[in-house]
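Right, one structure below, let's go through it.
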Amino acid sequence: MPIQAAPARWILETDHTAYVFGLNQAGLLTHCYWGMRLPRPGDYPEPANPVFWAADGAAHFTPHEYPAYGGLSYVDPCLKVTFADGVRDLVLTYVEHELSHAPQPQLTLRLQDTAYPLRISLHYRLHEAYDLIERWAELENLGTEPVLVERAYSAKWTLPPGDDYRLTHLYGRHVDEFHIQREPLTQGLKTLESRRIIPSHHASPWFAVDRGADEDTGKVWFGTLAWSGNWKISAEVTEFASTRLSIGLNDWDFAWKLLPGQPFTTPAALAGFTPHGFGAASRALHDYVRDTLLPHGKTLHKVLYNSWEATLFNVDEASQSALAEIAAEMGVELFVMDDGWFHGRNWDNAGLGDWWPDEVKFPHGLGGLIHKVNRLGMDFGLWVEPEMVNPNSELYRAHPDWIIHWPGRARTESRNQLILNLGRPEVQEYLISVLDRILSENNIAFIKWDMNRNASEPGWVDAPGDPRELWVRYVQGLYRVWETLRQRHPQVIFQSCASGGGRADLGILRLADQVWVSDNTEATCRLDIQEGYSQFLPANTMEAWVTDADKGRVPLEFRFHVSMCGSLGVGGNLLEWSAEERALAAACIQQYKELRPIIQLGDQYRLRSPQQEQFSVVQYMSKDGTEGVLFAFRVHIPDYARVVKLPPVHLRGLEPAWLYRVEGIAGERSGLAWMETGLTLELENMHSKVLRIKRI
Ligand code: GLA
């Protein structure tokens, strides 16, 4: 039984791990264990019963499974409320539990305040094969007066006792996303968050914690939040050597007026444990995302062409057709027209909101271009940025109050645009009808959904509850629009873009199959960005174009090899590519088509880090272990190092006893030999190699 419920202790077991909590003698819901699965229920620790010590109470020392703000405890709480009479003390007691087994094992624990009619349900869902546990909380007001919720996290993850952990997280900025940071956790609170209405660019809702792990070995506890808005992760090391991480909606500028009978559900948090290092932690999330989350998880993504960097806003039927013809000759399968195609959109200062074809650029609509692209044997895709308006648009002139704003205050523009308040049902309905019409009237296989600014002046005067609900209602509204469109047009592949990787999270990947990872398309930067992205998201979601951003500085083959590590795309101005360049591109695209089942759907091993090393290697293996591919990149190693060979590359993920051959390397060897003795490559500066691995 994956979930065992003794009267006062719950044991949650996945294929290889276990998570245990129970009621201690004081009746407090207490975390007991998170780590390897053990042979017998009796092997797991019982809930601790801390003794009263000095100025602090026993509750302060208890590793609460889901602490509320109340009583004598100073650890970072998960839940904070104000009752209608002004009372801000919340003491939760256990009421009952409920078990269900399909489709996945699930446990719900019901807790209630000792005095007020507020009920909290803690939900646990097991994804056994991935060794992942999903948690979320639901709040119900059983009384007659509203309750103001000021913080409602999804989960608290308590680590085995100790204050000697290291935190890994992702940081960056627009055009420079997904840097990996490792730092010791010391006493106090380390906070990661987004306050921008989109989740990422500068940080990602993901963490990994270890005590000296590397890519292949060592214990790693890791987690993420399936939410595409403001989020927060707090890692707390207490004065009594206990380390805990909270994850959930950001409580900064957050409040939710919980009305009687209207439940509030937090986003889902997902976490796991592995004794096999950071690589295994990433692969568990990759598999989970591909198998269970993505709308078309097992569909191989087509090689696409995107016109943005070639034509910017200068799109029309002639310019796009010219690009499409060359793209088709090179083997491209999906042609995506980016920004600039809709009413009044000649630059970024007008048009957003008016989602019909520009009368000058497309006097007969999009049909002509789409037919042309389809006749060339390619699918057609379109860029949209539905959440936005330019003040210079018909939509804004008709509905100036639909945007996020405070009356009488500045409406600060960013990239000349303002944000529609997607919390408002009428805005949701408008976007659904406008986008539904575009998808119904045209043969569109792919939508790139963009979002190019962060929120400011977050006002909503006629908000249904507390105006600070905006941050959450906006994302709920976005999900609703997107879900409705997906239901009506299930075959369409959606891509999530927010000036590159600004909306890359497990919440949006229920709706979108892909992410435009960064507006930075320089191959050497991209190597670093892709390594960071792979910490929690799989290669098939990682759209990667070959552009002209580093033309002349980085060989075209190197640029292709970098993009082939994800879902390959091309974004250069093909009209300016020479015949040789087009031929090389066609050869790389052909090679990618042969390799893509392994790259998009296989297991990824990061053998040498581009963020750390000038010589980096990444390997992908098919799920059955019979074939793989190795991508090696040498950026710049100074001349003196020429006499020194590049360090050996130890393969991973091979069956130890099977025999394998690696393209370009003499001899056949056992999987164990390739993994233990490795292979040596020769590469010049700014060169790359793709080597196939095959079982014989
Ligand atoms: C954002 C996207 C780009 C492109 C432009 C269009 O910056 O990230 O890829 O679509 O918008 O304006």
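Remember, it's a predicted structure, so these values are computed and weren't measured experimentally. Throughout, residue positions are numbered sequentially from 1 according to the sequence presented. Note that ligands are numbered from 1 as they come in the structure, with each ligand's atoms numbered from 1 the same way.
With a 4.0 Å cut-off on non-hydrogen atoms, D348 does not touch ligand 1 at all. Of the heavy atoms in N306, none comes closer than 4.0 Å to ligand 1.
When only non-hydrogen protein atoms are considered, atom 11 (O) of ligand 1 lies nearest to D450 OD2, 2.9 Å. At the shortest separation from atom 7 (O) of ligand 1 among protein heavy atoms lies D519 OD2, 2.9 Å.
Taking the centre of each ring, F558 and F633 come in below the 6.0 Å mark. Aromatic ring centroids of Y171 and H179 lie under 6.0 Å apart. Residues W471 and F254 keep their aromatic ring centres 6.0 Å or farther apart.
Counting heavy atoms from C-beta on, the side chains of R453 and L418 come closer than 4.5 Å. Here the side chains of Y305 and L574 are in contact, with some heavy-atom distance below 4.5 Å.
Those atoms of ligand 1 with a heavy atom of N452 less than 4.0 angstrom away are 1 (C), 7 (O), 11 (O). Set against the non-hydrogen atoms of D339, the atoms of ligand 1 under 4.0 Å away are 6 (C), 12 (O). Each of the following atoms of ligand 1 lies closer than 4.0 Å to a heavy atom of C497: 2 (C), 8 (O). Near D338, the atoms of ligand 1 lying under 4.0 angstrom from a non-hydrogen atom of the residue are 4 (C), 6 (C), 10 (O). The W516 neighbourhood of ligand 1 comprises atoms 8 (O), 9 (O), with distances under 4.0 Å to a heavy atom of that residue.
For W545, no nitrogen or oxygen atom sits less than 3.5 Å from a nitrogen or oxygen atom of ligand 1, counting backbone and side chain alike. In terms of N/O distances under 3.5 Å, ligand 1 is approached by R415. Taking distance alone, with nitrogen or oxygen atoms compared against 3.5 Å, G500 approaches ligand 1 more closely than that limit. Residue-to-ligand polar distances place K448 within reach of ligand 1: an N/O pair is separated by less than 3.5 Å.
Side-chain atoms of N390 never come within 3.5 Å of backbone atoms of N392 as a donor-acceptor pair (strictly under, hydrogens ignored).
A distance of 5.0 Å separates CG of L470 from CG of N421, quoted to the nearest 0.5 Å.
Screening W347, W383, F342 for a ring pair (Phe, Tyr, Trp, His ring centres under 6.0 Å) involving F313 leaves a single residue, W347.
Contact check on D550 versus R559 returns a salt bridge, with a Lys/Arg side-chain nitrogen under 4.0 Å from an Asp/Glu carboxylate oxygen.
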